[in-house]
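Data block below; observations after.
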Number of protein chains: 2
Amino acid sequence: MVLRSKESAGRPAGKTARPPVKERLLHVATRLFARHGFESTSVQDIVDAAGVTKGAMYHYYGSKDDLLYEVYHQVLTMQTSHLDQIAAGPGTAEERLRLAAADVVRTSLDNLDDMIVFFRSLHMLPEDKQTQVRAERRAYQEKFKALVDEGVAAGTFRADISSDIVVHYFLSVVNQLGSWFKPDGSLSPGQVGDLFTELLIGGLAVR
Amino acid sequence: MVLRSKESAGRPAGKTARPPVKERLLHVATRLFARHGFESTSVQDIVDAAGVTKGAMYHYYGSKDDLLYEVYHQVLTMQTSHLDQIAAGPGTAEERLRLAAADVVRTSLDNLDDMIVFFRSLHMLPEDKQTQVRAERRAYQEKFKALVDEGVAAGTFRADISSDIVVHYFLSVVNQLGSWFKPDGSLSPGQVGDLFTELLIGGLAVR
DNA sequence: GGCGTCATACCGTCCGGTCGGTCTTAAATT
DNA sequence: AATTTAAGACCGACCGGACGGTATGACGCC
């Protein structure tokens, strides 16, 4: 039996200060799902990477699917809260849409692993959780769409393109970020957000 | 043992006129991959749906991965050939870019299952085939980028947004089509192509 | 009689999930 | 203060079954 330094479970005592097991599991799982895919990542892989055993994982999460669901839920919750704040803030419709677009790009790039897992493995979720995620997602889209509609009503944006299509259009761009963006590239998340925002607004503007 | 009506393998004889086994396997595999995901679709599922047995499948394809690779290869080959034709055709850079954009959207929507599989399961391919697919894909992107650059050089498109970013931007939209488009919706593939093209060109236009 | 085209039976592996048990910590009881 | 009880946190061996792939051979056609 090995002597284990007594890092009490409650608060970090060692210099590493590793987060509690539950969060650690979710974090390494996200990373592994993003790198190798959900189905190619075994529960054993996850617990090994987290430095625990299966018993620990099934203590905190009901199944492997649960882990996956948490990823979606966290990202969506954060981005929805951001959007709510921006939409309710000051500024014209265009100004707020600019902020919203730049923000969703930036936060997505800041959580690339989550996005990769998100758009790649949604269909692996059991039907009920999948439905729930889609509902949350739909809610986000609706708020985004409302911003576009505002701009159309104000005469800032062209009215001959359905706002539904616009939302699908731009959120597609966001969802695909994980497939090409490299964090060590020449562009920062913020810069990409600004450029994409320009392209969106340009496409929407009346000529 | 069941008597099977003698539909000779060579040419269709029955009224159903089912395509030969090899094509049928690829077709049903694509469909199943799109519906349930690559990893959740067993080889047994595929051969059952095709009305044959494993022996037949492993006679025509070396592995399950081979089947997946064929999907990518076919779509990419077709779209690249389309793009080549358009790029070499007549018209200004903007006109040809419009044609190219509308075409890639329309052909993608006409082969939705392939697109769904494409963007969702690329990472399941073995490293070598994955590299090859990426190369073909990169080639397509380069040709698309060349069109954008042409327009920039001609002064039609704004020069302050890197054409690389523009390509990523628009092809993201294309790659995500499978995640929201419903063939029985109110918009036809051609209409979606036109609208997306408008949004793209609008974003690129100098003001 | 050789070759292409499939059918059938089978194998080895891997994986999600279970389950009884142990250790630690905190509250309750004496 | 000492002892018991309860509960959470985590361990790790194990199971049942599914799944990709193979080996062998039958059947027809040139």
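All heavy atoms count here, side chains included; hydrogens, waters and symmetry mates do not. Letters go in sequence order (proteins before strands), and every chain restarts at 1.
- Distance, Gln44(B) CD to dA18(D) P: 12 Å, rounded to whole Å.
- Under a 3.5 Å cut-off, the side chain of Asp103(B) and the backbone N or O of Leu99(B) do not form any donor-acceptor pair.
- With rounding to whole Å, Leu68(B) atom CG is found 13 Å from dG20(D) atom P.
- Among the heavy atoms of the strands lying under 4.0 Å from Thr41(A) are primed sugar atoms or P, OP1, OP2 only; no base atom is included.
- Whole-Å rounding puts the Glu39(A) CD to dG20(D) C1' distance at 14 Å.
- When ring centroids are compared, Phe118(B) and Phe33(B) stay outside the 6.0 Å threshold.
- The side-chain heavy atoms of Phe196(B) and Ile165(A), taken from C-beta on, include a pair separated by under 4.5 Å.
- Taken residue by residue, residues 48-60 of chain A places heavy atoms nearer than 4.0 Å to DNA chain D at Val52(A), Thr53(A), Gly55(A), Ala56(A), His59(A), Tyr60(A).
- A donor-acceptor contact closer than 3.5 angstrom is absent between the side chains of Asp113(B) and Thr30(B).
- As a whole-Å value, the separation of Phe38(A) CZ from dC15(C) P is 13 Å.
- For Glu23(A) and dC10(D), the CD to C1' distance is 16 Å, given to the nearest whole Å.
- If you measure from atom OH of Tyr61(A) to atom P of dG16(C), you get 17 Å, rounded to the nearest angstrom.
- For Lys64(B) and dC14(C), the NZ to C1' distance is 14 Å, given to the nearest whole Å.
- Side-chain contact of Tyr61(B) with Glu70(B): a donor-acceptor pair under 3.5 Å is absent, judged by distance alone.
- Atom NE2 in His36(A) sits roughly 17 Å away from atom C1' in dC14(C) (whole-Å rounding).
- Taking the side chain as every heavy atom from C-beta outward, Ser121(B) and Leu68(B) approach each other to under 4.5 Å.
- Toward the 5′ end of DNA chain C lies the nearest nucleotide of Ser40(A), the other residue of the pair Ser40(A) and Gly62(A) mapping further downstream.
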